[in-house]
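Everything on this sheet refers to the single structure shown next.
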Amino acid sequence: MDEISLVRPEASDLERAAEAALRPRRLDEFVGQHVVRDQLSLVLDAAVGRGKAPDHVLLSGPPGLGKTTLAMIIAAELGASLRVTSGPAIQHAGDLAAVLSSLEENEVLFLDEIHRLARPAEELLYVAMEDFRVDVIVGKGAGASAIPLSLPPFTVVGATTRAGLLPAPLRDRFGFTAHLDFYSADELEQVLTRSAGLLGVPLEATAAAEIASRSRGTPRIANRLLRRVRDWAQVRGDGRLSLSAAQAALEVYEVDALGLDRLDRAVLTALCTRFGGGPVGLTTLAVAVGEEPETVETVAEPFLVREGLVGRTPRGRIAMPAAWEHLGLTPPSPTGTLFS
């Protein structure tokens, strides 16, 4: 994994395979998200007690917080099989109809990135979720006819990082909606301790705290950093994941005390040293760090804004006081005006 992606919440297919061994299997093993866990537990226990499929579930929140894991847990708690697909994979209504028509009774259908469903597929999903049927179109043109096909009861679990892009008719068909929040440092330490046990590596409490503090409140990043620290301890250390090992490993991978990587620091440095703290336009800032504007806006900026390091104004990006402090720089004195 390269330095750019080490603290990014998105995951490649290869990394998802590595994550599988660390995923909790049951709801009581899931760390954090206490409100969501409690609410979801009630929904699932009630459905199991009635012997029926639970309401459809919508999980929203930033990537890397556990939406896919919760979908797998829902299926496990219900004792049902899980069918996995995603919005980008459903290009036509017929693609979704084929998936829906093959579902078994009480099966869980996990739709990742549900906000990216094609519009014809969305309209088909409305009817399937509400009436448990799909209309199969037979023929073409004026002679085409719709034949309703009944579906067994099933549960849709939708996951999205951009809930605002979901049309209201689709959101309204979910009986339970949950938003996942970023994790606290204490919760990430619990995640790391559990993961280290599954990986069979000794993790000291101080090392867990150090890794957690640089993980951006995201379990996926915490587990990724843990694996890199394990690599360093294996190759250059004594195999123990100590505080010194964690600090040395994260220095090698250029992840600093706030969890910033090379691109993040380049944006802050350019903003403070080349443009006097701003304001500066996104395109100009991107040219200064040698990246595309979209990369700066979607990859680096969200965390920098969330941490209060960068501000977005109508005139452009500005460096906040915390950015100057983090870089060890002194902000310029306010410029006087004609009337000061």
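Just so it is clear, the model here is predicted, and its values are computed rather than measured. The figures that follow rest on heavy atoms only: side chains count, while hydrogens, waters and symmetry mates do not.
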So with a 6.0 Å cut-off around CD of Glu292, is the heavy-atom count from everything else above 12? no
Could you tell me whether Arg315 atom CZ has more than 12 heavy atoms of other residues or ligands within 6.0 Å of it? no
Heavy-atom check, side chain of [X] versus side chain of [Y], under 4.5 Å:
X	Y	answer
Ile73	Pro24	yes
Leu170	Leu58	no
Phe30	Val36	no
Val191	Leu22	no
Arg236	Val252	yes
Leu70	Leu180	yes
Leu100	Leu109	yes
Arg171	Thr177	no

side-chain contact (heavy atoms from CB on, under 4.5 Å), that's the test. Do Val280 and Arg274 meet it? Break it down for me. CA-CA 10 Å; Val280 60; Arg274 298 189 189 182; over 6 Å; no
For [X] and [Y], work out which heavy atoms get closest and say how close.
X	Y	answer
Thr218	Pro63	CG2-O, 3.8 Å
Leu188	Gly217	CD1-CA, 3.7 Å
Val229	Ala246	CG1-CA, 3.8 Å
Leu327	Cys272	CD1-SG, 4.1 Å
Pro88	Asp112	CD-O, 4.4 Å
Leu260	Arg265	O-NH1, 2.8 Å

Sequence-distant partners of [X], side-chain hydrogen bond (donor to acceptor under 3.5 Å, both in side chains), two or more places apart:
X	answer
Glu204	Arg240
Ser195	Asn223
Asp95	none
Asp231	Arg228

Spacing of [atom1] belonging to [X] relative to [atom2] belonging to [Y], to within rounding of 0.5 Å:
X	Y	atom1	atom2	result
Leu96	Gln91	CG	CD	12.0 Å
Glu294	Leu282	CD	CG	10.0 Å
Glu187	Asp181	CD	CG	9.5 Å
Leu198	Arg23	CG	CZ	13.0 Å
Leu65	Arg220	CG	CZ	8.5 Å
Asp264	Leu304	CG	CG	5.0 Å

Is there a side-chain contact (heavy atoms from CB on, under 4.5 Å) between Arg317 and Glu301 once you walk through the steps? CA-CA 10 Å; Arg317 276 60 177 174; Glu301 207 171 68; 2.6 Å; yes
Expected list for residues 150-162: side-chain donor-acceptor pairs under 3.5 angstrom, two or more places apart:
residue	atom	partner	partner atom	Å
Thr155	OG1	Pro54	O	3.1
Thr160	OG1	His115	ND1	2.8
Thr160	OG1	Arg162	N	2.9
Thr160	OG1	Arg162	O	3.3

Met72 vs Thr68, side-chain contact (heavy atoms from CB on, under 4.5 Å): CA-CA, chis, key distance, verdict: CA-CA 6 Å; Met72 295 179 176; Thr68 300; 3.9 Å; yes
Donor-acceptor pairs are to be reported for all side-chain atoms of residues 123-131 against protein atoms at under 3.5 Å, with residues two or more places apart or in another chain.
residue	atom	partner	partner atom	Å
Glu130	OE1	Arg173	NE	3.3
Glu130	OE1	Arg173	NH2	3.0
Asp131	OD2	Arg133	NH1	3.1

Measure up the Phe132 and His56 rings against each other and bin them: parallel (under 30°), tilted (30 to 60°), perpendicular (over 60°). tilted
Would Glu291 and Glu297 count as a side-chain contact (heavy atoms from CB on, under 4.5 Å) here? Give the steps. CA-CA 10 Å; Glu291 295 286 352; Glu297 185 175 29; over 6 Å; no
Keeping the roles fixed (side chain from Glu307, backbone from Phe303), state whether a donor-acceptor pair exists under 3.5 Å.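 Not confirmed, Glu307 side chain does not pair with Phe303 backbone.
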Does this structure show an ion pair linking Arg37 with Glu77, if we count only N-O contacts that are shorter than 4.0 Å? no
